[in-house]
Amino acid sequence: MKRSSDNEIDRRLAEGVDSDVIKNHEEMLRIIQEKIHLSGLDTEFEGKLLALVHHITVYRAIRGAGVRDVDPYHLGVPWPSEVFEMIKVRTERLQKDYEDLLGQAGLTKSKSALLQAGG
């Protein structure tokens with residue numbers, strides 16, 4: 001499926017994918033803006049999030065200019081693939097910390113306490 005294909009079906013599919021990508025990008029930006037304070041931000045993670053925002057901004061600018069056959073990586077702005085693993089690791093760590101705090105407060109057993117107890 002190529003955006004610059006002579007095949008109209010390929011072009012239309014590519015336009016549909018681009019539309020979905022832009023919607024997903026907008027949702028990612030919204031989540032970053034609204035939830036960044038919960039992320040346990042450090043310099044490395046901040047850099048990756050900023051790289052993601054930069055990539056999305058360049059993507060939107062390219063498509064907004066009507067250019068369909070260029071992606072951000074063509075302009076030296078690659079997709080920051082590490083950011084999703086960083087989000088996953090942080091989310092899991094923060095969830096564990098939360099569950100441990102609940103357990104310490106006697107409100108529930110943490111997952112780590114359940115695992116230690118064999119349950």
Side-chain angles (χ1 to χ4, degrees):
M1 172 175 66
K2 293 188 175 187
R3 294 180 207 117
S4 58
S5 174
D6 290 335
N7 183 321
E8 184 177 347
I9 293 173
D10 282 350
R11 280 196 317 272
R12 292 170 108 183
L13 286 171
E15 288 172 11
V17 169
D18 266 350
S19 176
D20 288 345
V21 166
I22 289 171
K23 288 175 191 172
N24 289 338
H25 283 172
E26 289 170 358
E27 180 68 7
M28 283 187 259
L29 288 176
R30 184 192 65 75
I31 291 168
I32 290 169
Q33 290 169 344
E34 291 178 6
K35 308 291 184 185
I36 195 166
H37 64 285
L38 303 173
S39 69
L41 202 60
D42 59 38
T43 305
E44 180 185 16
F45 190 46
E46 179 182 29
K48 295 300 180 186
L49 285 177
L50 290 174
L52 176 61
V53 170
H54 184 222
H55 178 90
I56 291 171
T57 302
V58 170
Y59 189 97
R60 290 169 65 182
I62 292 168
R63 295 301 179 265
V67 178
R68 301 284 179 242
D69 58 350
V70 173
D71 288 314
Y73 73 88
H74 292 115
L75 303 175
V77 184
W79 178 259
S81 57
E82 311 88 3
V83 77
F84 290 119
E85 181 63 23
M86 293 176 87
I87 291 169
K88 178 181 176 249
V89 167
R90 275 176 170 63
T91 301
E92 289 170 351
R93 186 191 74 228
L94 291 169
Q95 183 67 38
K96 180 191 174 304
D97 292 348
Y98 174 71
E99 290 168 358
D100 288 346
L101 286 171
L102 289 175
Q104 290 170 12
L107 299 174
T108 186
K109 286 190 175 183
S110 69
K111 278 187 183 177
S112 40
L114 289 171
L115 290 173
Q116 289 173 353

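Since the structure is predicted, the reported quantities are computational estimates derived from the model, not experimental observations.
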Ignoring hydrogens, what is the shortest heavy-atom contact between His55 and Val77? Give both atom names and the distance.
ND1-O, 3.0 Å
Kindly indicate whether the side chain of Ile62, heavy atoms from C-beta on, has any atom under 4.5 Å from the side chain of Leu75.
yes
Could you work out, with salt bridge (Lys or Arg N to Asp or Glu O under 4.0 Å) as the rule, every residue matching Glu82, not counting sequence neighbours?
Lys48
What residues, two or more places apart in sequence or in another chain, satisfy side chain to side chain contact (heavy atoms under 4.5 Å, CB included) together with Val53?
Leu29, Ile32, Thr57
State whether Lys88 and Glu92 are salt-bridged, where the test is any N-O pair (Lys NZ or Arg NE/NH1/NH2 against Asp/Glu carboxylate O) under 4.0 Å.
yes
Is it possible for you to say whether Val70 and Val58 belong to one hydrophobic cluster, with membership spreading through side-chain heavy-atom contacts below 4.5 Å?
yes
What residues form a ring-ring contact (aromatic ring centres under 6.0 Å, His included) with Phe84, not counting sequence neighbours?
Trp79
Non-neighbouring partners of Arg90 that pass salt bridge (Lys or Arg N to Asp or Glu O under 4.0 Å), sequence neighbours left out
Asp42
Distance, nearest 0.5 Å, that separates CD of Glu15 from CG of Asp20
12.5 Å
Nearest-0.5 Å distance, CG of residue Asp97 to CD of residue Gln95:
9.5 Å
With sequence neighbours left out, write down each residue that passes salt bridge (Lys or Arg N to Asp or Glu O under 4.0 Å) with Glu44, or none if nothing qualifies.
none
Give a yes or no on whether Val17 and Tyr59 share a hydrophobic cluster (residues Ile, Leu, Val, Met, Phe, Trp, Tyr; joining criterion: side-chain heavy atoms under 4.5 Å apart).
yes
From Arg68 atom CZ to Asp18 atom CG, the distance as rounded to the nearest 0.5 Å
6.0 Å
Apply side chain to side chain contact (heavy atoms under 4.5 Å, CB included) to Tyr73 and list each qualifying residue two or more places apart in sequence or on a separate chain.
Asp71
CE/Met28 to CG/Leu52 distance, rounded to the nearest 0.5 angstrom?
6.0 Å
Not counting sequence neighbours, list each pair that qualifies as a side chain to side chain donor-acceptor pair (under 3.5 Å) and has a residue in residues 24-35.
Glu27-Arg30, Arg30-Glu34
Under a 4.5 Å side-chain heavy-atom rule over Ile, Leu, Val, Met, Phe, Trp and Tyr, are Leu50 and Ile36 clustered together?
no
Mind checking what makes salt bridge (Lys or Arg N to Asp or Glu O under 4.0 Å) contact with Arg93, not counting sequence neighbours?
none
